[in-house]
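For reference, the structure discussed in these notes is given below.
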Amino acid sequence: MSTTTINGRVESLPDDPEALLVDVIRDRLNLTGTKLVCGSGVCGACTVLLDGEPVVSCLLPAGATAGKKLTTIEGIGDGKLHPIQKAFMAHDALQCGFCTPGFVVEATAFHRRWRAAQGTAIPSREEIAAALSGHLCRCGAYEGIYRAVAAACAGRFDGDDPIAPRVEAYDKVTGLARYTVDIRHEGQLEGVILRAPVAHARITDLDLAPARAVPGVAAVVSLLADDQMVRFVGTPIAAVAAKDRRSALEAIAAIKLNREELAAVIGLDAARREDAPVVFEKKDRKRAGNVSELNGAPTSWKGNVHGPSAPFSQKGKRARRLLAEAREACDPLLIEETFRVSTQQHACLEPHAAVARFDGDRLTVHVSTQAVHDTMEKIAKRYKLPRDKVRVIADHVGGGFGSKGSLGVETIAAIELARAAKAPVRIAFDREEELSVTGYRPAAELKLSLLPSVQGGLKALSLTAFADTGVAVNSMIAGLARLIYPAQAKELVDFDVLSNLPPGSPFRGPGGPPMAFALEQAVDEAALRMKVDPIDLRKRWDPDPNRQRLYDWASGLDVWRNREPASSRSGRYRRGVGVASGYWLYIWQPGSSIELAIKDARIIASCAVQDIGTGTRSVIANTVAKAFDLEPQDIEVRIGHSNLPEGPGSGGSRVTASIVPPTLLAIEKLKMEMERTRARPPIAGSNAPWRELIAASPDLVVSARRPPDSKAPADIKSPVRQLGLMGLVFGWMLRNFNNIVVGAGMPSSVQVMEVEVDTWLGHVRVLNAYVGLAIGKLAAPTLARSQAAGALIQGIGYALYETRETDPSTGQVLSASMDDYRIPGIADMPRLEVHFDETGFDHVPGGSVGAGEVATVPTSPAIANAICNAIGVRLTEIPFRPDRLVAALKGRAAA
Amino acid sequence: MNVTSTPAQAVAELRAAGTDLSERRRSGVSTGPLIDIASGRYGISWGDDGTATLGALTTIAAIAADARLGAAYPGIAASAQGIATPQVRNLATLGGNLAQRSRCWYFRNPGIDCLKKGGSNCPARSGNHLYGVAFDLGPCVAPHPSTMAVALLAYDARITTERRDGLTITELLGDGSNGRADHALLPGEMITKIVLPALQTGEHATYKRAISRTHAEWALVEVCARVEIVDGTFRFVRLAAGGIAPVPLRLTACERTLQGMSANAAVIAEAAKQATSGANPLPMTGYKLDLLQGLVRDILERLAA
Ligand code: FES
Ligand code: FES
């Protein structure tokens, strides 16, 4: 047996030649700071130092490290914080933190080389980007990472430990933060799911016995639906729990099944054909999944097409007539175009994962989830368990973006296996599962007609969306065009086109980016034809007070004022500037509660909410700390456990607006309690009266629920009211079925992008991004900026690189690796200016609403408009890859 | 993802650093026996005549960072710098880079059969071949993945294995007509070293790839170019390209066109059109010809500047 030295300790290496270093580090040595994400050398999450040089441990056979020295994140800094770690904390160079250990390890190696060669000179963005080019961060913490690495190299963090704006930053930069995939109970088994290899079939026979006979297997359960149907490649069939992953894989390979194969149909175009095989027979339609966070309106079906759904049309027939007349009259202002957006995967770095464990009749489930409270309720309901016997825990969550909002098969399988095996079971999806069957923002075809009036107003708009939803329904894209740019008439129609592909799911601002991609380009085109400045036209057409202020800000930007028409650009590299606008709904969750306690002279805030990288802990800590003149670090925030007071789910940007108001209320209550119970008043002239009072206070507990908003001023409209009767119905449904309230005022974003197009290599680079955001007061300013930056870079990914690719005949997802599903890297992050407009939500207690979704809505059309300004050609299909750029430049259709 | 599928055939595979193989072991695409390369040649040595010999186990990072190699064979160093990511370059070896398997997403998907996995046809040809070849030279439409092979082709390198000596890149990788293999090594045959011939001339060379993001992406198209310009005219031009065919290709028509011509932008732009001579793109890969032209133009302009 050979040995290696890890963080100064000699460890033996397994003899198994197949053992990879990452698995040895994580599973045998329990050094879980090192993360496994892509397993293919792309993302860098598994980076460790091998004799001082960074290497990917996911590809490195463990045996190859014999006799060498390894350093993992746990060994960085020798017990103290390394300057890189301090800088990451201070500059908020992290969100969910799942990529952070890898970045930190790599950055320390760069720091060492840099300091040896360059002293305390400041490295350039390009130098930092090249050094960190082997790392991916899905949350998009790149801006903070640039700043952190530069500052650490310049010697600014050689001294004391900093105060981090994110309260859990220390745990994340040191690898201490434990995610679901890191949970290791005594006697824990590993679960693996057998998935369907074909896109459409009926399983006629499923024999699990051979799997049970495999040594090391403790439980096998069927996951097949009661109709025994497979409707997409990857449909769960059965799950196995075994002593290790290899035995579990062996067992699922042993499972015998017979199937009757059925004709499959793959994708938007094929599924709409007259003779297309049907995915759901009439009786099975209720089995379709839900791509939305909400319930859809009932609507009709025709073959694989679900729709039309047009609840938010406004004088739809009139719109159709006006547009037909304009078409007839060859109105030069009539804009008609078909746009296409592609499927975007969430690509969370922490995969969907669950660890279930029964202790007697009590069930504890660690889940990588966006909703601990709701997941607890769903589990209790599904398994008919009392709610106090179910505990759902998510201390840290490595990204969600909408994909971890519901009770998933990883959780169901882990629970059922744990029950059958009478032992704790972990299920963690592999990267292929993560990038194929865990949901996505559906691709869509968007047919748009927009007609300005002769007077320069907006006369009519028609938007019809066909969404490529796989085996799910309820996409709403077109309907969202109702709440921006009022017109005389609008026809807004949504269709779901089902095919034998995995189901789509909510993704950051569901429907928003595709809607904006089409509409904002059309408005841009209208401005060009009307020879009006695109921002001025928006100011004219869009009365929303939040966006009006953002338009004023955008008009004043130098980059906008100095912009030139497309006709003036020539040469190989062409720059362009584009603008786009977007909104999201302000929603909050009734029942959201906070408990504040003083215990042993320390304030503890508790809520069954979770932090998926969005900064929830810090929002609570900041709000409480501010009220008592304390530092956020002084507040102990307990979240991520379902047995705490009910908290909101992290979806729809509802968290801040749901938890800040009850926190403020609880603060008032706590202050009153302190007043009532205090032994003596604070010393006169004390400069920290609250600190003293807390130190002297007996233990106290108060709690508060989310109070309603106060009445908004007349110009701040409620979207529900703007939508008329349908809006009221919609609002009522949301409140009663989804437990969310749509409040008055619209979180808004106006973005200006400057791009450079390399016309020879079809390469688009976003040079500068100007993001204006109206989301009320900032509960945690640095983190709000991080959210904005993250939303922006995901929008850039959507616009330029990301697309799921499938095989048109088998329905296999081809892009199920991080090589082939391309998320932006650090060098793709533009220079960013964020402008926060903090007014507009004073009717919300605390004045803050969420930032997560709205900031990603206008990014792709702003880039499209900038490209159009650069090259004079409007690209109607994203992502704007090199193949599409070179085709557009040659006036050719891309493949 | 775990699906029931037919196992690939059981041919022993050699493992150097494992940067390609480990992923295929994990996914189940490679299931046969494994032979670790216990020892081998590492590092760069120099002959009296100026030839450089690279041990097959030399890491890509070492090649990218070697100052003397960078001065003598800048195209080799630049190519190495363009590969993968720093943490992969620190592990991956030159021999492994040459012998790596295809990146085709059908080949890498354990749930799909293809020529390279013993199947009867290439599913990418009738399926989704967005990243496929634009010079369709054989039944398989996946481009060859090795960047170092492109560079070594540009430098007329010779490859030595335990059994054979002096192989050219074309002899090592074949002509692209065998869709089942990514190289012509015999089972178990290990590359031991690569010899770069001495260069007489005062040439310039470099490498570049076209990708969609800024860094760390498999090349859509890549070109390694060497030129010697005397009195403003091309005396010697050598162009090798990857990402476009089942094997790296010399762009000989373009080389010929430039020979003896003056090294200016207009000449280069005209000659770059010859880069695509002989191409027969697939329905989805026509764009690669535009990228190839653009890349040749880009590189030659920089070398001529
Ligand atoms: S997990 Fe190793 S590089 Fe992504
Ligand atoms: S912070 Fe980087 S992936 Fe979440």
Side-chain angles (χ1 to χ4, degrees), chain A residues 17-18 20 39-41 44 47 53-56 59-61 64 106 129-131 133-134 192-197 233-234 249 252-253 430 432-433 436 760-763 765 800-801 805-810 812 814-817 819-820 822 824-825 827-828 881-883 886-887 890 894-895, chain B residues 1-5 15 17-23 25-28 34 36 61 84-92 103 105-106 108-112 123-124 126-128 130-131 208 210-218 220-221 282-288 290-291 293-295 297-298:
Chain A
E18 302 279 345
L20 294 172
S40 52
T47 301
E53 293 302 327
V55 297
V56 281
L59 297 179
L60 183 59
E106 182 91 42
S133 61
V192 171
I193 294 174
L194 172 68
R195 294 178 177 279
V233 174
L249 287 172
I252 61 164
D430 64 24
E432 292 68 37
E433 290 175 297
S436 55
W760 290 8
L761 301 182
H763 190 260
R765 206 151 65 92
L800 299 183
Y801 319 120
E805 295 284 349
T806 54
D807 177 49
S809 64
T810 60
Q812 293 267 1
L814 298 171
S815 54
S817 78
D819 268 320
D820 292 322
R822 296 170 174 178
D828 307 314
R881 293 182 311 229
D883 57 314
V886 294
K890 293 224 162 138
Chain B
M1 186 156 76
N2 310 296
V3 295
T4 47
S5 67
R15 179 167 74 180
T19 51
D20 164 32
L21 194 52
S22 296
E23 185 198 345
R25 301 299 281 188
R26 190 193 293 278
S27 68
L34 197 63
D36 266 310
T85 71
Q87 310 102 288
V88 169
R89 295 197 291 269
N90 280 337
L91 293 172
R103 298 306 309 183
W105 47 27
Y106 287 88
R108 297 261 156 186
N109 186 324
I112 306 178
S126 57
N128 186 332
L130 181 61
Y131 300 121
K208 184 164 171 161
I211 52 180
S212 60
R213 290 170 297 180
T214 311
H215 286 302
E217 201 170 283
W218 292 93
L220 299 169
V221 178
L282 307 170
M284 297 174 82
T285 61
Y287 74 93
K288 287 198 168 184
D290 297 305
L291 297 186
Q293 258 189 49
L295 205 49
R297 217 173 143 190
D298 170 294

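Order of the sequence lines fixes the chain letters, A, B, ..., with proteins taken first and strands second; residue numbering starts at 1 for each chain.
B:R108 has no carboxylate O lying under 4.0 Å from a charged side-chain N of A:E432, or vice versa, which leaves the two without a salt bridge. A salt bridge between A:E805 and A:R881 is present, with a side-chain N of the basic residue lying under 4.0 Å from a carboxylate O of the acidic one.
Here B:Y131 pairs with A:R822 under the side chain to side chain donor-acceptor pair (under 3.5 Å) rule; sequence neighbours left out. Checked against side chain to side chain donor-acceptor pair (under 3.5 Å), A:D820 has no partners two or more places apart in sequence or in another chain.
Under a 3.5 Å cut-off, the side chain of B:Q293 and the backbone N or O of B:D290 do not form any donor-acceptor pair.
Options A:P61, A:G825, A:P808, A:A64 differ in how many heavy-atom pairs under 4.5 Å they form with chain B, and the most are formed by A:P61. Options B:V88, B:V221, B:T19 differ in how many heavy-atom pairs under 4.5 Å they form with chain A, and the most are formed by B:T19. Of the listed residues B:G18, B:P86, B:A84, the one with more heavy-atom pairs under 4.5 angstrom with chain A than any other is B:P86. Contact tally against chain A (heavy-atom pairs below 4.5 Å) for B:L21, B:L220, B:D36, B:D298: the top residue is B:D298. Ranked by heavy-atom pairs under 4.5 Å with chain B, the first of A:L814, A:L59, A:D807 is A:L814.
Contact annotation for B:R89: neither backbone nor side-chain heavy atoms come within less than 4.5 Å of a heavy atom of chain A. Residue B:R213 touches chain A through both its backbone and its side chain, counting heavy-atom pairs closer than 4.5 Å. Using a 4.5 Å cut-off between heavy atoms, A:S133 touches chain B through backbone and side chain atoms alike. Looking at A:A816, there are no atoms closer than 4.5 Å to chain B (heavy atoms on both sides), in backbone or side chain. Both the backbone and the side chain of B:R297 come within contact range of chain A, each with at least one heavy atom under 4.5 Å from a heavy atom of that chain.
The nearest pair of heavy atoms linking A:E18 to B:L34 is OE2-CD2, 3.7 Å. The minimum heavy-atom distance between B:L130 and B:K288, with the atom names listed, is O-CE, 4.5 Å.
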